[in-house]
J.: 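Following this message is one structure expressed as structure tokens.
Here is the naming used below: chain letters follow the sequence lines, and residue numbers restart at 1 for every chain.
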Number of protein chains: 2
Amino acid sequence: MPEEHHPDHAPLELERFLPYRLSILSNAVSQAIADDYQRRFDLSMTEWRVMAVLARFDGLSAREVAERTLMDKVAVSRALAKLVEAGWVTRATHDGDKRRSVLGLSEAGWAVHEVVAPMARQHERNLLARLDEEERTWLVRILDKLQAMEPK
Amino acid sequence: MPEEHHPDHAPLELERFLPYRLSILSNAVSQAIADDYQRRFDLSMTEWRVMAVLARFDGLSAREVAERTLMDKVAVSRALAKLVEAGWVTRATHDGDKRRSVLGLSEAGWAVHEVVAPMARQHERNLLARLDEEERTWLVRILDKLQAMEPK
DNA sequence: ACGTTATAGTTACATATGAAACCACTTGCA
DNA sequence: TGCAAGTGGTTTCATATGTAACTATAACGT
């Protein structure tokens with residue numbers, strides 16, 4: 001009743017088109033955070049994601065990092081090259097499988113993490129602060145449902 | 001009370017971190033749509049967005065297209081070069097201001113639009129079909145609030 | 001009028017990203 | 001064993017994207 005019925009081929013109104021809105025919002029949010037730690041540490045978003053999973057799961061291989069970050073293995077390989085070079089990530093070879101690497105944060109890497117993780121959390125809090133408790137609950141629920149199958 | 005309190009510097013759980021979740025979801029959704037029309041028309045996402053706004057607003061200048069798509073002017077310039085070349089967009093010079101271009105969809109451009117717009121709408125419907133009516137209402141409301149200031 | 005400043009759009013360059021080819025090592029199986 | 005097929009990871013190449021510089025035109029102030 002209240003819905004207008006556009007014919008299916010009518011021009012899209014981008015600003016109401018859900019995929020577009022998600023994209024704009026997501027980019028704005030991620031970019032705001034990334035700007036922050038890029039300025040301080042010359043750390044790209046992909047690099048930070050790698051560090052974040054290594055903080056949680058020590059000793060992963062590159063492939064496992066790729067799985068957990070949903071990045072492809074080339075991106076991970078490149079991020080690792082930079083992170084190892086910077087001295088933030090340690091890389092050893094797996095005993096018994098010389099192909100595999102065994103990765104972890106170095107002391108210096110943990111130090112970076114100690115700064116960036118709270119930064120990221122703060123951004124998330126600022127974002128969520130725009131919503132009330134009820135909205136936050138729905139948001140999580142909605143994201144769960146939307147993501148239920150989407151990731152491939 | 002129900003919330004676990006992680007110290008602020010504890011390792012981030014990416015899969016629960018809102019900006020990350022938004023990014024993953026948004027990329028999955030946009031990519032699924034883009035794959036679709038890229039295969040059929042060799043049309044990039046930025047190019048499609050330009051066509052979508054020209055379908056709604058005929059005669060815009062490149063700068064106005066950039067404003068409406070939230071893309072930067074270089075991206076728009078490149079997209080337009082391709083679209084004009086492909087014969088989907090017409091470009092004339094503004095009377096009385098030779099800097100400005102006057103853009104619009106050509107016949108062929110409209111034909112592409114007639115195929116792609118319904119495609120995009122269908123993807124959106126599929127996505128929203130995972131939610132019930134109440135959730136859809138909240139989602140729109142939440143997006144409105146989150147976007148209220150975020151875009152710069 | 002005339003120079004300064006601003007604007008529309010393109011070009012150039014440097015960096016990021018993705019796909020495929022590649023190398024080294026392991027595994028499975030004859 | 002030994003060799004075909006698979007896996008972890010890196011390199012290469014082609015394309016995409018962002019920033020800054022540049023060109024042409026217009027607007028403004030004197």
J.: More 5' along DNA chain D: B:Thr46 or A:Lys73, using each one's nearest nucleotide?
T.: A:Lys73
J.: Side-chain donor-acceptor pairs under 3.5 Å in residues 76-92 of chain B, sequence neighbours left out?
T.:
{"unit_1": "B:Lys82", "atom_1": "NZ", "unit_2": "B:Asp42", "atom_2": "O", "d": "3.0"}
{"unit_1": "B:Lys82", "atom_1": "NZ", "unit_2": "B:Glu47", "atom_2": "OE1", "d": "3.2"}
{"unit_1": "B:Thr90", "atom_1": "OG1", "unit_2": "B:Gly104", "atom_2": "O", "d": "3.2"}

J.: Kindly say whether B:Ile142 contributes a backbone atom to a donor-acceptor pair with the side chain of A:Glu135 at under 3.5 angstrom?
T.: no
J.: Could you tell me how far apart B:Met45 (CE) and C:dT17 (P) are, to the nearest whole angstrom?
T.: 14 Å
J.: Mind listing the residues from residues 88-104 of chain B sitting with a heavy atom below 4.0 Å of DNA chain C? Number order is fine.
T.: B:Arg91, B:Arg99, B:Arg100, B:Ser101
J.: I'd like the 5' and 3' limits of the part of DNA chain D contacted by chain A, with heavy-atom contacts below 4.0 Å.
T.: D:dG6 to D:dT12
J.: Using atom CG of A:Asp72 as one end and atom P of C:dA16 as the other, report the distance to the nearest whole Å.
T.: 15 Å
J.: Does one hydrophobic cluster hold both B:Leu105 and B:Phe57, with members joined at side-chain heavy-atom distances below 4.5 Å?
T.: yes
J.: For A:Arg121 and B:Ala10, indicate whether the former's side chain and the latter's backbone hold a donor-acceptor pair under 3.5 Å.
T.: yes
J.: Please classify the nucleic acid contact of B:Ser61 as base, sugar-phosphate, or nothing, using heavy-atom distances under 4.0 Å.
T.: sugar-phosphate
J.: Would you kindly give the CG-to-P distance between A:Leu43 and C:dA16, to the nearest whole Å?
T.: 12 Å
J.: Let me know the distance between CZ of A:Arg63 and C1' of C:dA24, rounded to the nearest Å.
T.: 17 Å
J.: Please state how far atom CD in B:Gln31 lies from atom P in C:dG18, giving the value in whole angstrom units.
T.: 9 Å
J.: Any pair with a residue in residues 19-34 of chain A that passes side chain to side chain donor-acceptor pair (under 3.5 Å), sequence neighbours left out, goes on the list, sorted by first then second residue, please.
T.: A:Arg21-B:Asp144, A:Arg21-B:Gln147, A:Ser23-B:Arg49, A:Gln31-A:Asp35
J.: Quick one: on DNA chain C, does B:Glu64 or A:Ala75 contact a more 5' nucleotide (nearest heavy atom)?
T.: B:Glu64
J.: Ignoring hydrogens and angles, write down the donor-acceptor pairs under 3.5 Å from the side chains of residues 63-71 of chain B, residues two or more places apart or on other chains.
T.:
{"unit_1": "B:Arg63", "atom_1": "NH1", "unit_2": "B:Glu67", "atom_2": "OE2", "d": "2.4"}
{"unit_1": "B:Glu64", "atom_1": "OE1", "unit_2": "B:Ser61", "atom_2": "N", "d": "2.7"}
{"unit_1": "B:Glu64", "atom_1": "OE1", "unit_2": "B:Ser61", "atom_2": "OG", "d": "3.3"}
{"unit_1": "B:Thr69", "atom_1": "OG1", "unit_2": "B:Val65", "atom_2": "O", "d": "2.8"}
{"unit_1": "B:Thr69", "atom_1": "OG1", "unit_2": "B:Ala66", "atom_2": "O", "d": "3.4"}
{"unit_1": "B:Thr69", "atom_1": "OG1", "unit_2": "B:Met71", "atom_2": "N", "d": "3.3"}

J.: If you pin A:Arg78 and B:Arg78 to their nearest nucleotides in DNA chain D, which one's is more 5'?
T.: A:Arg78
J.: Is a side-chain N or O of B:Arg56 found less than 3.5 angstrom from the main chain of A:Glu13, in a donor-acceptor match?
T.: no
J.: By the salt bridge (Lys or Arg N to Asp or Glu O under 4.0 Å) test, which pairs, at least two apart or in different chains, include something from residues 102-119 of chain A?
T.: none
J.: Would you check, one step at a time, whether the test side-chain contact (heavy atoms from CB on, under 4.5 Å) holds for A:Leu43 with A:Gln38?
T.: CA-CA 5 Å; A:Leu43 191 63; A:Gln38 253 156 41; 5.6 Å; no
